[in-house]
Trainee: 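Before we start, here is the structure in question, set down as C-alpha cells.
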Amino acid sequence: MPNTVLVTREEPIAVVQINRPTVRNALNDEVMTELVAALQRLDDDEAIRCLVITGDEKAFCAGADIKDEFVKATAVSMLAGDLTSKWEAIRKIHTPIIAAVSGYALGGGCELAMICDVIVASETARFGQPEINLGIIPGAGGTQRLTRVAGKYVANEIILTGRFVKADEAKAIGLVAQVYPAASWLDDAKALARTIAEKPPIAARLATEAVDIAWSATLDAGLEFERKAFYLLFATEDKKEGVDAFVNKRKATFKGR
Ligand code: DAK
C-alpha cells in the first residue's frame with residue numbers, strides 16, 4: 001500500500017491522518033481506499049472508541065485530486081467508477097468520528113469533514129466548496145450537508161462564490177463545534193476524542209445514528225427511532241453501570257456491553 005493514510009493508535013482513540021502533504025492532502029483513489037480500509041479496521045476493534053480524521057497543519061484536505069483524477073475523468077468514467085461507494089462506507093462507520101481541521105478543508109475535503117460526527121478546527125482552518133471555479137458543483141454531499149448546516153442563503157453564497165470560510169465564521173454557522181488555538185489544535189481534538197471514548201459505546205453509536213436521522217427523515221420517523229433506541233439501551237450492561245455509578249457516587253466504567 002502507498003501509505004497515503006497513516007494510523008496512530010492511542011487507545012481508546014485512534015488518529016487517521018491523510019498523508020499527501022505535497023498536494024495539500026488531495027484525495028485520489030489510493031487515499032479513499034486506504035481511508036476506508038483503516039476506518040473499517042478500527043471500527044471492528046473494540047479497544048478503539050473514538051476516531052480522529054485529520055491532515056496536517058496546512059491542510060485537512062484540498063478535495064479531489066484535480067491534476068491526477070479530474071483532468072482525465074469523463075462523465076462516463078465517473079458513472080462507471082462507482083465513486084460514491086467509498087463515501088457511503090465512511091458514512092456507515094459506527095465509531096464516532098471527529099474531523100480535526102487545520103488549514104484548508106475544500107471541496108471533497110469539506111465534504112469529508114461533514115460526513116464525520118463532529119468537526120473541530122484550528123483557528124487557521126479555511127472551509128470552502130470552490131468547485132464552481134472548476135466549472136462543476138460539489139459532488140460528495142456538499143450542496144446537501146452544507147445547506148442543512150447553514151441554511152439555503154448562506155450555503156448558496158458559499159457555493160456560488162467558492163470563497164473560503166474562516167474558522168470563527170464556520171463556528172458561527174454551525175459547521176464547527178469548537179475552534180482551538182493553532183498551537184494545540186490536534187491535542188485538543190484528541191482530548192475531545194478521549195472524553196467521547198469514555199462514554200458507553202453502544203449509546204454513543206445510537207446517539208450519532210439518531211442525530212443523522214434528523215437530517216434525512218421526518219420528525220415523526222426520527223422521534224420513533226430515538227424512542228426505540230432509548231428503550232434498547234435499557235437492555236445494556238452499560239446502562240446498569242451508569243445508573244449504579246450515579247447512585248453510588250462513583251465514576252462509571254463502560255464496557256460496550
Ligand atoms: N488537487 C491536486 N493538487 C492540488 C490540489 C488538489 N485539489 N490542491 C492543491 N494541490 C497542489 C497544487 O497544485 C500544488 O502543487 P505543485 O504546484 O506544488 O506541484 C500544491 O498542491 C500546493 O498547492 P498551492 O501551491 O496552490 O498551495 P497554496 O497553499 O497556495 O494553496 C489551496 C492551497 C488548497 C488553497 C489551493 O491549492 C487550491 O485552491 N487547491 C484546489 C482546491 C479545490 O478546488 N478543491 C476542490 C476540488 S473538486 C465525489 C467525491 C469527491 C468530489 C466530488 C465528487 N463523488 C463521490 C461523486 C470532490 C470534488 C472536489 O474536491
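Both counts, for ligands and for their atoms, begin at 1 and track the order of listing.
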Trainee: Considering only non-hydrogen protein atoms, determine which one is nearest to atom 41 (C) of ligand 1 and report residue, atom name and distance to 0.1 Å.
Mentor: Ile66 CD1, 3.8 Å

Trainee: Just checking Glu226: does its CD atom have more than 12 heavy atoms from other residues, nucleotides or ligands closer to it than 6.0 angstrom?
Mentor: no

Trainee: Determine, counting only non-hydrogen atoms of the protein, whether one lies under 4.0 angstrom from atom 37 (O) of ligand 1.
Mentor: no

Trainee: Counting only heavy atoms from other residues, nucleotides and ligands, does the tally under 6.0 Å from CD of Glu88 exceed 12?
Mentor: yes

Trainee: State whether the side chain of Thr218 and the backbone N or O of Ala221 hold a donor-acceptor pair below 3.5 Å, judged by distance alone.
Mentor: yes

Trainee: Under 4.0 Å between a side-chain nitrogen and a carboxylate oxygen: does that hold for Lys190 and Glu10?
Mentor: yes

Trainee: Is there a path of hydrophobic side-chain contacts, each under 4.5 Å between heavy atoms, that joins Val118 and Ile48?
Mentor: no

Trainee: What about Phe127 and Phe60, are their ring centers closer than 6.0 Å?
Mentor: no

Trainee: For Gln40, I'd like to know if atom CD has over 12 heavy atoms of other residues, nucleotides or ligands within 6.0 Å.
Mentor: yes

Trainee: Can you find an N or O of Thr22 that's nearer than 3.5 Å to an N or O of ligand 1?
Mentor: yes

Trainee: Within the supplied structure, the quantity of interest is the number of heavy atoms (other residues, nucleotides, ligands) at a distance under 6.0 Å from Lys152 NZ; does it exceed 12?
Mentor: no

Trainee: Among all protein heavy atoms, pick out the one at the shortest distance from atom 7 (N) of ligand 1; state its residue, atom name and that distance to 0.1 Å.
Mentor: Ala64 O, 2.9 Å

Trainee: For ligand 1, is Leu27 a contact, meaning one of its heavy atoms is under 4.0 Å away?
Mentor: no

Trainee: Side-chain contact test, heavy atoms from C-beta onward, threshold under 4.5 Å: evaluate it for Thr236 versus Pro200 and give yes or no.
Mentor: no

Trainee: Considering heavy atoms of the protein only, find what lies nearest to atom 5 (C) of ligand 1 and give residue, atom and distance to 0.1 Å.
Mentor: Val23 O, 3.8 Å

Trainee: Between Leu106, Asp65, Leu112, Asn25, which one has a non-hydrogen atom sitting closest to atom 39 (O) of ligand 1?
Mentor: Leu106

Trainee: Gly63 heavy atoms, cut-off 4.0 Å: which ligand 1 atoms fall inside?
Mentor: 61 (O)

Trainee: Quick one: does Ala62 get an N or O within less than 3.5 Å of an N or O on ligand 1?
Mentor: yes

Trainee: How many angstroms lie between SG in Cys50 and CD in Glu198, if you round to the nearest 0.5 Å?
Mentor: 11.5 Å

Trainee: Considering only protein heavy atoms, which is closest to atom 30 (O) of ligand 1, and at what distance to one decimal place?
Mentor: Arg24 NH2, 4.8 Å

Trainee: Are any non-hydrogen protein atoms located under 4.0 Å from atom 15 (O) of ligand 1?
Mentor: yes

Trainee: For Gly108, is at least one N or O under 3.5 Å away from an N or O on ligand 1?
Mentor: yes

Trainee: I need the atoms of ligand 1 closer than 4.0 Å to a non-hydrogen atom of Trp87, numbered in the order shown.
Mentor: 50 (C), 51 (C), 56 (C)

Trainee: With a heavy-atom distance limit of 4.0 Å, tell me whether Asn133 approaches ligand 1 through its side chain, its backbone, both, or neither.
Mentor: neither

Trainee: Counting non-hydrogen protein atoms only, what is the nearest one to atom 31 (O) of ligand 1? Give residue, atom name and distance.
Mentor: Tyr104 CE1, 4.2 Å

Trainee: For Gln17 and Asn19, does a side-chain donor sit closer than 3.5 Å to a side-chain acceptor?
Mentor: no

Trainee: Can you spot which of Asp56, Asn3, Asp65 makes a side-chain contact (heavy atoms from CB on, under 4.5 Å) with Arg20?
Mentor: Asp65

Trainee: Nearest to atom 54 (C) of ligand 1, what protein heavy atom do you find, and at what distance?
Mentor: Gly139 C, 3.5 Å

Trainee: Heavy-atom distances under 4.0 Å decide this one: backbone, side chain, both or neither, for Ala26 against ligand 1?
Mentor: side chain

Trainee: Of all the non-hydrogen atoms in the protein, which one sits nearest to atom 3 (N) of ligand 1, and at what distance?
Mentor: Lys67 CE, 3.5 Å

Trainee: Does Leu186 reach the side chain of Glu57, with side-chain heavy atoms less than 4.5 Å apart?
Mentor: no

Trainee: Heavy-atom contacts with Gly107 under 4.0 Å: which atoms of ligand 1 show up? List them by number with element.
Mentor: 46 (C), 61 (O)

Trainee: Can you find a protein heavy atom under 4.0 Å from atom 61 (O) of ligand 1?
Mentor: yes

Trainee: What's the shortest distance from atom 52 (C) of ligand 1 to any protein heavy atom, and which residue and atom give it?
Mentor: Glu111 OE1, 4.1 Å

Trainee: For ligand 1, which atoms sit closer than 4.0 Å to a heavy atom of Ala140?
Mentor: 49 (C), 50 (C), 51 (C), 54 (C)

Trainee: Does some non-hydrogen atom of the protein lie less than 4.0 angstrom from atom 26 (O) of ligand 1?
Mentor: no

Trainee: Between Asp43 and Lys92 (salt bridge meaning N to carboxylate O under 4.0 Å), is one present in this structure?
Mentor: no

